[in-house]
Amino acid sequence: MTLTAFILLSIALILIVGSVAMKSDLFSPAKIFTIIWAITLGLAELKFSRLQHDWNGFGWLMLGVGIFSFLLGSFVVYVINYEKEIKPISSIRSSFKIYPIDKSKFRFIIIVIFSVYFLSLLGNYLIEGYLPLFHDNAAESRAFWGVFGIGLSVHAATSVIILAVGFLIIGKLKGTEKFLIILLIIISFISYLTLLQRFNLIFAIISAGIVTYYTSNAFRTRNVIFFFLIIFALMYSVQYLRTSSIVSAYLFNLAQMKIDPKYAVITEPYMYFAMNPENFVRAVNRIQEHTFGYYSFNFILSITGIKRMVTDYFVFNNFPFLNSSYNTYSAFWDYYRDFGIWGLSIIQFVLGFFISTVYYKLRTNPSIVNLMIYAICAFVITISFFVNTIGLLHFIFNSTLIIASAKYIEKTLVEKV
């Protein structure tokens, strides 16, 4: 283990253990971001794979710019709110225990979204004739499965799970209704699992976990490690479903791992952390032209249906400078590829500022809207080592659906008063 890897992994461990010991909020934006990136870069520095290389100063500088810009935006919000009264986590949880909700309308919006999801799943299945999990070539079929238009609404399973978890806790459900909502969550999760789309399952778990953490005592800080273990297990299990015919020894050799083959089981989880900054540094040192927003805000092209036409016209290579089958670069890559260092620094600063602003709104004025927005933001931070979420149409779709539903529920409360 190099000194850099030791320092980075120690930072993550100190933040986690310190938060647990001091009973501070482990899910504040700066902490989540620092822990995730310290772990990611720490693992990458272990250089367990021959596909990795030593990074030069420019690569480290660009990684540093991305990390520093986000933390700077977060710090500015901290300074702005320094003298404001911030409610302790226990107080926020207590406020949600007595939070007035219209159960009938909360239930209604969940049922409507679930119905849209299930009908979309059924429609796509009838048109395509199969589900990716049961296809002969499951690994590739998932990428082409779905019909434009109704294919988007199938991702609403994420919204169902997150909103249903909130309803389950805030609504203090019991008996038959509690059982039915839990059943609906399970059905949504398992049925969506057949599509082999890991991103939205992780989205649902992380955001639902954040909702649970701030609304109840069921998810205390000391259970955070267990929570993240579930996430890592899910990431690995979905990958196994995609490539069930490929034995771990093959993956071990494919990744050109340097470690003892008896530890082959760690190949996939390790590579999915380490190769993101690896690909970013490799690409950032070779890029010669920028794409001016095509990747950072790709959802705009996707929703208009002209994405493929633009891609073909400009002959964009979505995965340049790769030396392996691992084709993710982290969120930093999209910002840098589009606008260079200015995009990387400004977009990251704005994200840090915006997400921290939402966090302080939740800490000063707990509400369903603020809770749901921050649950989404927490996911954006957590997955930033892997992908740029704000460029994905299905992420924007789910975020809009969740926030609109929360506003609909909250508007009902205002009207009642």
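For the numbers below, each heavy atom of this structure counts, side chains included, while hydrogens, waters and symmetry mates do not.
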Original post:
Under 6.0 Å between the ring centres of Y335 and F339?
Top reply: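 Between Y335 and F339, the centre distance exceeds or equals 6.0 Å.
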**OP:** Please confirm whether F395 and F203 have ring centers closer than 6.0 angstrom.
**Re:**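 Here the rings of F203 and F395 have centres that are less than 6.0 Å from each other.
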Least distance between heavy atoms, [X] atom then [Y] atom:
X    : Y    : answer
T357 : F353 : OG1-O, 2.7 Å
A164 : I110 : CA-CD1, 3.7 Å
A331 : V387 : CB-O, 3.6 Å
G293 : D338 : N-CG, 3.1 Å
M372 : A406 : CG-CB, 4.0 Å
T267 : A255 : CG2-CB, 3.6 Å

Using only heavy-atom distances, determine whether the side chains of [X] and [Y] contain a donor-acceptor pair under 3.5 Å.
X    : Y    : answer
Y213 : D25  : yes
E410 : S367 : yes
W55  : E278 : yes
S153 : S120 : yes
K97  : S216 : no
N279 : Y326 : no
S191 : Y117 : yes
S159 : N398 : yes

**OP:** Determine, step by step, whether L392 and N298 satisfy the side chain to side chain contact (heavy atoms under 4.5 Å, CB included) criterion, reporting the C-alpha distance in whole Å, the side-chain angles of both residues, the deciding distance to 0.1 Å, and the verdict.
**Re:** CA-CA 6 Å; L392 301 174; N298 194 259; over 6 Å; no
Original post:
For S296 and D334, what are the C-alpha separation, side-chain angles and deciding distance, and is it a side chain to side chain donor-acceptor pair (under 3.5 Å)?
Top reply: CA-CA 5 Å; S296 297; D334 283 356; 5.9 Å; no
Would one find more than 12 heavy atoms of other residues, nucleotides or ligands at under 6.0 Å from atom [atom1] of [X]?
X    : atom1 : answer
F68  : CZ    : no
W60  : CH2   : yes
F321 : CZ    : yes
K178 : NZ    : no
K87  : NZ    : yes

Any side-chain to backbone donor/acceptor pair from [X] onto [Y]? Under 3.5 Å, distance only.
X    : Y    : result
R93  : T215 : no
Y270 : F48  : yes
E45  : T4   : no
S345 : W342 : yes
Q52  : S49  : yes
K31  : L15  : no
S356 : V77  : no

Ring-plane angle category for [X] and [Y], please: parallel below 30°, perpendicular beyond 60°, tilted otherwise.
X    : Y    : value
Y294 : F316 : tilted
Y359 : Y374 : tilted
H394 : F199 : perpendicular

Would you check if [X] and [Y] make a side-chain contact, meaning some heavy-atom pair closer than 4.5 Å?
X    : Y    : result
Y336 : V65  : no
F349 : V76  : yes
S28  : I32  : no
P320 : Y329 : yes
I355 : I381 : yes
I185 : V165 : yes
S330 : W37  : yes
N365 : N370 : yes

Subject >> Step-by-step side chain to side chain contact (heavy atoms under 4.5 Å, CB included) determination, I101 to I368 >> reply: CA-CA 10 Å; I101 64 170; I368 292 179; 4.0 Å; yes
Output the distance between atom [atom1] ([X]) and atom [atom2] ([Y]), rounded to the nearest 0.5 Å.
X    : Y    : atom1 : atom2 : value
M271 : T328 : CE    : OG1   : 10.0 Å
I206 : F379 : CD1   : CZ    : 5.5 Å
N276 : L43  : CG    : CG    : 11.0 Å
I111 : L184 : CD1   : CG    : 8.0 Å
I376 : I396 : CD1   : CD1   : 9.5 Å
N124 : L131 : CG    : CG    : 9.5 Å

Subject >> Cationic tip of R198 above Y272 ring, under 6.0 Å, 45° of axis >> reply: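 Yes, R198 sits over the ring of Y272.
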**OP:** Walk me through it: do L173 and K103 pass the test side chain to side chain contact (heavy atoms under 4.5 Å, CB included)?
**Re:** CA-CA 9 Å; L173 305 187; K103 286 189 177 183; 4.2 Å; yes
Original post:
Looking at I14, L26, I35, which hits side chain to side chain contact (heavy atoms under 4.5 Å, CB included) with S19?
Top reply: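 Among I14, L26, I35, the one meeting side chain to side chain contact (heavy atoms under 4.5 Å, CB included) with S19 is L26.
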**OP:** Evaluate side chain to side chain contact (heavy atoms under 4.5 Å, CB included) for Q348 paired with F33, printing each intermediate quantity in order.
**Re:** CA-CA 11 Å; Q348 279 292 99; F33 186 80; 3.7 Å; yes
